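Hydrogens, waters and symmetry mates play no part in the numbers below; they use all other heavy atoms, side chains included. Order of the sequence lines sets the chain letters (A, B, ...), proteins ahead of strands, with each chain counted from 1. Everything numeric here is computed off the predicted structure, so don't read it as measured data.
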4 protein chains.
Amino acid sequence: MTTAQRRARERARRQQEILEAAKEVFFEKGIHRATVDDVAAQAEVSKGTVYLYFQSKESILAHLLLEGLSILLPQLEAAYAPQEPLSADKRLRQLVEAYCQFAHTYPHYLRLLLALDRGRFQERVSAEVYQEILTESTRGLKLVAKAIRQGTEEGVFTADDPLLTAGVLWGALNGALNLMANPVRREMILVEPEAVFDATFELFLRGLQAHNR
Amino acid sequence: MTTAQRRARERARRQQEILEAAKEVFFEKGIHRATVDDVAAQAEVSKGTVYLYFQSKESILAHLLLEGLSILLPQLEAAYAPQEPLSADKRLRQLVEAYCQFAHTYPHYLRLLLALDRGRFQERVSAEVYQEILTESTRGLKLVAKAIRQGTEEGVFTADDPLLTAGVLWGALNGALNLMANPVRREMILVEPEAVFDATFELFLRGLQAHNR
Amino acid sequence: MTTAQRRARERARRQQEILEAAKEVFFEKGIHRATVDDVAAQAEVSKGTVYLYFQSKESILAHLLLEGLSILLPQLEAAYAPQEPLSADKRLRQLVEAYCQFAHTYPHYLRLLLALDRGRFQERVSAEVYQEILTESTRGLKLVAKAIRQGTEEGVFTADDPLLTAGVLWGALNGALNLMANPVRREMILVEPEAVFDATFELFLRGLQAHNR
Amino acid sequence: MTTAQRRARERARRQQEILEAAKEVFFEKGIHRATVDDVAAQAEVSKGTVYLYFQSKESILAHLLLEGLSILLPQLEAAYAPQEPLSADKRLRQLVEAYCQFAHTYPHYLRLLLALDRGRFQERVSAEVYQEILTESTRGLKLVAKAIRQGTEEGVFTADDPLLTAGVLWGALNGALNLMANPVRREMILVEPEAVFDATFELFLRGLQAHNR
DNA sequence: TATGAATGAGTTTTCATTCAT
DNA sequence: TATGAATGAAAACTCATTCAT
């Protein structure tokens, strides 16, 4: 039992070490250019060992993604502050601020989240991991939806389908982030990235509040 | 003279054929997985011929992108309808509908546009092509900004910086499209893609119109 | 007849133009890196035309080589000065000086001559051209041999086989030129190229003159 | 420890095997026409494996060159016979004979040495390997220079700059070898290669000994 | 469990040469 | 005679993944 436990802990630690190395390498060289060799070298293990802990390069990516979500979600939950008596407006604002903060503090994780599309995750990743990514992502979205629902119940927001509206906000914010992540498009807009992010939320909020009409 | 003309036409046609083949292949296998070999095979020419018409794989992509823009832009311009006396509201709505229409009719081009980020275009593509992409993209955005400016001048919209606001709309709509393009996220929202797109615009418009406050 | 003549002249002129272009391109980009396309572009003709006048890239090279020889040989002949009453010593010295001069004035042609080995001339070039290269090269060598023979007849040189001795001189001088053409070896010797060339000849001459044992 | 040692030995052996295969292939097809695929096939390993042991095609060449030098140099050193009391004349003769012997026994390595010019070694090869080539080459030349210096000190040779004179000899001998390596030129001289080599040295030696005048 | 050697298909790109017009 | 589009065989190099030890 004890041995089994130590084994499991050892294994988890090693996996974490490799993940840490992958993070460094992926973020520095870019996901495409970084090779599994690079990851192994950075983790100071052999390439074979990497494959002992992860079934594929994509799988490493998926775990990294999960890690990003595991950072983001507590922050969103804290921002939502379920136990405090807060206005829907404030709640939403705090959620968005938390996301903005996350985008700013962990640009690499953000890039991963935004690029979620890319990899052939579904094919190359174990069903559990894929499921977990889905669950975690949804959790975030549901917090937003909950804040919106609160607003509609309090009569300050107008939204028929809170989950859809949360999706709209989520998409719009990501759209803003995506837009400004691209040099071509940045040349088009000519303001700092944050301005677009903020403007997006303000506009969205105004739309949400415009209940008459 | 006639010979030269025919030559030029032949050349243009062949280039178009290859582009068509590339479109097929890129859209079916995905940009990453499709190879120049695939393109050549699809176009029923040799690989060398492909390189006779395009300087690199990225260049093919860029031309495809340009083609997409050359479809989208006239539609946006028609939607804007400069010569007609239209309300800003209507103009904006028509622009967004045109974009939605485009997204629906040419999902492949859309994917290209949304994926613009990827490639290292700037490095692998002739300066002219890159410039053209930038110019064309900007033209679309400026139409949107113009409609918004008209609204502010007419007192129906509130927007300090029309170009920024246009960027917000553009980003938000793309965000919606992106969101729904991803199976993971589609599973999260549980409505059809168009609904998110429409909801995004309606919310944005309401925000724009909420001039008091 | 006249028409045929003009045709022939036209053809010769065109061939010369292409050769000129090839010279420029080969010497600037290096023989390996220069392509037939480059040559055609420089000559302002189509690639097909190049192949109308030369059977292969190697053939162009061979003709260039021939051109180099056609510059070098008159100079060697002038240096030999058959009609003047000259000492063998002087004659030889003049020949070597002429070669040194040529090496200095036409480094590109020299490179071609020294690299004669490289190409698969014999296979890719018409028998006539190959024969001509051989004949021309031999003519130069024979001049040197003649000067040496004169010296042995006058009793100032010791050389059993003048042609062999001429070959030795020729080889030694080329060896010196080759040696100094290479950066690795230049770092080894640490003097200017000309010094090695001159020293080679002086040593050779002394050896030639040391007739008493 | 033992494992590591065996690994290292295994690795060295494999590298040697590939080098052996490369030698065969390069020497048979010529350096230009031989491909890395050929080398891999000859070594009966995959192409990837070749690149596991050598960073580039040029690098293989460099190692081959180094191998040739590692054969030649001990023979030159033995020929110099530092501990024996020998006349400079004899020493030099032995050095040249050793070189001739090498040229005869290892014509392929010789070809590599003579063709050293070609490749862009400096760019494609690790600095260490390049340095080593330079060092080894220089060592041979210095032996020759030392013998010449001994001769000048003993008053039997006349040479202001022994290193330069050694370069002259080295260049002349290589020139002779080069000359006879080429079919075109061999047809010109009409004697066996060795004769030119020997004649070169004899003439050089006589020049060196002609101290009066 | 850990290693790292081995794989080999796959990638983009080049270029001498041919040939229909 | 001149054109230039088309060819397609190479070529060098990469890298995710496997597997014997």
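- Identified under the ring pair (Phe, Tyr, Trp, His ring centres under 6.0 Å) test for residues 35-66 of chain A, with sequence neighbours left out: A:Phe54-A:His63.
- As rounded to whole Å, 15 Å separates atom P of E:dT11 from atom CD1 of B:Ile31.
- Looking at A:Thr49, its side chain never comes within 3.5 Å of a backbone N or O of A:Leu52 through a donor-acceptor pair.
- Using modelled atom types and a 3.5 Å distance limit, the side chains of D:Ser59 and D:Ser56 yield no donor-acceptor pair.
- Figure legend. F:dA11 is base-paired to E:dT12; pairs are counted as Watson-Crick or G-U wobble with both atom distances under 3.5 Å.
- With E:dT7, F:dA5, E:dT13 as the choices, the nucleotide that has an atom nearest any side-chain atom of B:Lys47 turns out to be E:dT13.
- Going from atom OH of A:Tyr51 over to atom P of E:dA6 covers 18 Å, rounded to whole Å.
- Across E:dA2, E:dG8, F:dA6, the shortest atom-to-atom separation from the side chain of D:Ser46 is found for E:dG8.
- Which of E:dA16, E:dT7, E:dA5 sits closest to the side chain of C:Val36 comes down to E:dA16.
- Residue C:Tyr53 places its side chain closer to F:dT1 than to any other of F:dA6, F:dT1, E:dT12.
- One finds no salt bridge joining B:Glu10 and B:Arg6 here, because no Lys/Arg side-chain nitrogen approaches an Asp/Glu carboxylate oxygen to under 4.0 Å.
- Comparing A:Glu44 and B:Gly48 by the nucleotide of DNA chain E that holds the closest heavy atom to each, the one mapping nearer the 5' end is A:Glu44.
- Shown here, E:dA20 forms a base pair with F:dT3; the pair counts as Watson-Crick or G-U wobble because both key distances fall under 3.5 Å.
- Residue-to-nucleotide proximity on DNA chain F shows that, of D:Ser56 and A:Ser56, the 5′-proximal contact is made by D:Ser56.
- F:dT3 atom P lies 10 Å from atom CZ of B:Arg7, rounded to whole Å.
- B:Thr49 comes within 4.0 angstrom of a base, heavy atoms only.
- Projected onto DNA chain E by closest heavy-atom contact, A:Leu52 and C:Gln55 fall at different nucleotides, the more 5' of which corresponds to A:Leu52.
- Between C:Asp37 atom CG and F:dT3 atom C1' the separation is 13 Å, expressed in whole Å.
- For the pair B:Arg6 CZ and E:dT21 C1', the computed distance is 8 Å after rounding to whole Å.
- Along DNA chain F, the nucleotide nearest to D:Asp38 and the one nearest to B:Val45 differ in position, and the one closer to the 5' end is contacted by B:Val45.
- DNA chain E is contacted by D:Arg14 of residues 12-25 of chain D, taking any non-hydrogen atom closer than 4.0 Å.
- When side chains are defined from C-beta on, B:Arg111 counts as touching B:His108, because their heavy atoms get closer than 4.5 Å.
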